Amino acid sequence: QVQLVESGGGLVQPGGSLRLSCAASGSIFRLNAMGWYRQAPGNQRELVATITSRGSTNYADSVKGRFTISRDNAKNTLYLQMNNRKPEDTAVYYCNGYRYYGPVGRVERKDYWGQGTQVTVSS
């Protein structure tokens, strides 16, 4: 099992910066990748950014150039640095980790989620 706990959410003015953290515990060495998702009221949960166990990153187009995902393996912590925040970034942000398992041809994916942290961008 993997446990994920987010922190760092809050209120920030447009153009401001905020950093989210996700402390991971458990069998994190089994994870293929970790990432951040967000869900605004009335919307589906959407991908923000991911980082693989090898350090490869991927970003949603809406956050490219503004957000940076990183991980500190020694601290088992995932980060999301958010700069130049916009009102449309307001959402609950979730930390995610996943791993693939099963025999070839019958591979499945197991996702782990944190409880979420609210981020509000408003003046």
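Remember, predicted model here, so these are calculated numbers, not experimental data.
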Can you name the residues that form a ring pair (Phe, Tyr, Trp, His ring centres under 6.0 Å) with Tyr101, not counting sequence neighbours? none
Please evaluate residues Thr68 and Leu80 with respect to the criterion side-chain contact (heavy atoms from CB on, under 4.5 Å), reporting the C-alpha separation (whole Å), side-chain torsions for both, the decisive distance (0.1 Å), and the verdict. CA-CA 6 Å; Thr68 301; Leu80 184 68; over 6 Å; no
Under the side-chain hydrogen bond (donor to acceptor under 3.5 Å, both in side chains) rule, what do Arg85 and Asn83 come out as? Steps first, then yes or no, please. CA-CA 5 Å; Arg85 299 304 306 278; Asn83 298 329; over 6 Å; no
Any donor-acceptor N or O pair under 3.5 Å, side chains Ser25, Gln3: yes
NZ or CZ of Lys110 within 45° of Tyr112 ring axis and under 6.0 Å: yes
Name all residues meeting the ring pair (Phe, Tyr, Trp, His ring centres under 6.0 Å) criterion together with Tyr94; count only those two or more places apart in sequence or in a different chain, and write none if there are none. none
Do Arg19 and Tyr79 meet the cation-pi criteria used here (NZ or CZ under 6.0 Å from the six-membered ring centre, within 45° of the axis)? yes
When you measure from the side chain of Gln81 to the backbone N and O of Phe67, does any donor-acceptor pair fall under 3.5 Å? no
Minimum heavy-atom distance Ser123-Pro14, with the two atoms named: N-CD, 3.7 Å
Pairwise side-chain contact, Val2 with Leu31, heavy-atom cut-off 4.5 Å (strictly under): yes
Passing candidate, side-chain contact (heavy atoms from CB on, under 4.5 Å) with Arg38, options Thr117, Asp89, Leu47: Asp89
I'd like to know if the side chain of Arg66 reaches the main chain of Asn84, judged simply by a donor and an acceptor atom lying under 3.5 Å from each other, with no hydrogens or angles considered. yes
If you take all heavy atoms of Arg71 and Leu78, which pair is closest and at what distance? CB-CD1, 4.1 Å
Verify the ring-centre separation between Tyr37 and Trp113: is it less than 6.0 angstrom? yes
Step by step, would you call Thr90 with Gln118 a side-chain contact (heavy atoms from CB on, under 4.5 Å)? CA-CA 8 Å; Thr90 295; Gln118 176 69 47; 4.0 Å; yes
If you compare all heavy atoms of Gly102 against all heavy atoms of Val107, which two are closest, and at what distance to 0.1 Å? O-CG2, 4.1 Å
Looking only at heavy atoms, the pair that brings Cys95 and Glu6 closest together is N-OE2, 2.7 Å
Answer yes or no: does atom CZ of Arg30 have more than 12 heavy-atom neighbours from other residues, nucleotides or ligands under 6.0 Å? no
May I ask you to decide if Met34's main-chain N or O and Asn96's side chain share a donor-acceptor pair within less than 3.5 Å? no
Show me the donor-acceptor pairs, under 3.5 Å and distance only, between side chains in residues 48-56 and residues at least two apart or in other chains.
| unit_1 | atom_1 | unit_2 | atom_2 | d |
| --- | --- | --- | --- | --- |
| Thr52 | OG1 | Arg54 | N | 3.2 |
| Thr52 | OG1 | Gly55 | N | 3.3 |
| Thr52 | OG1 | Ser56 | N | 3.1 |

Can you confirm whether Gln44 is buried at CD, in the sense that more than 12 heavy atoms of other residues, nucleotides or ligands lie under 6.0 Å from that atom? no
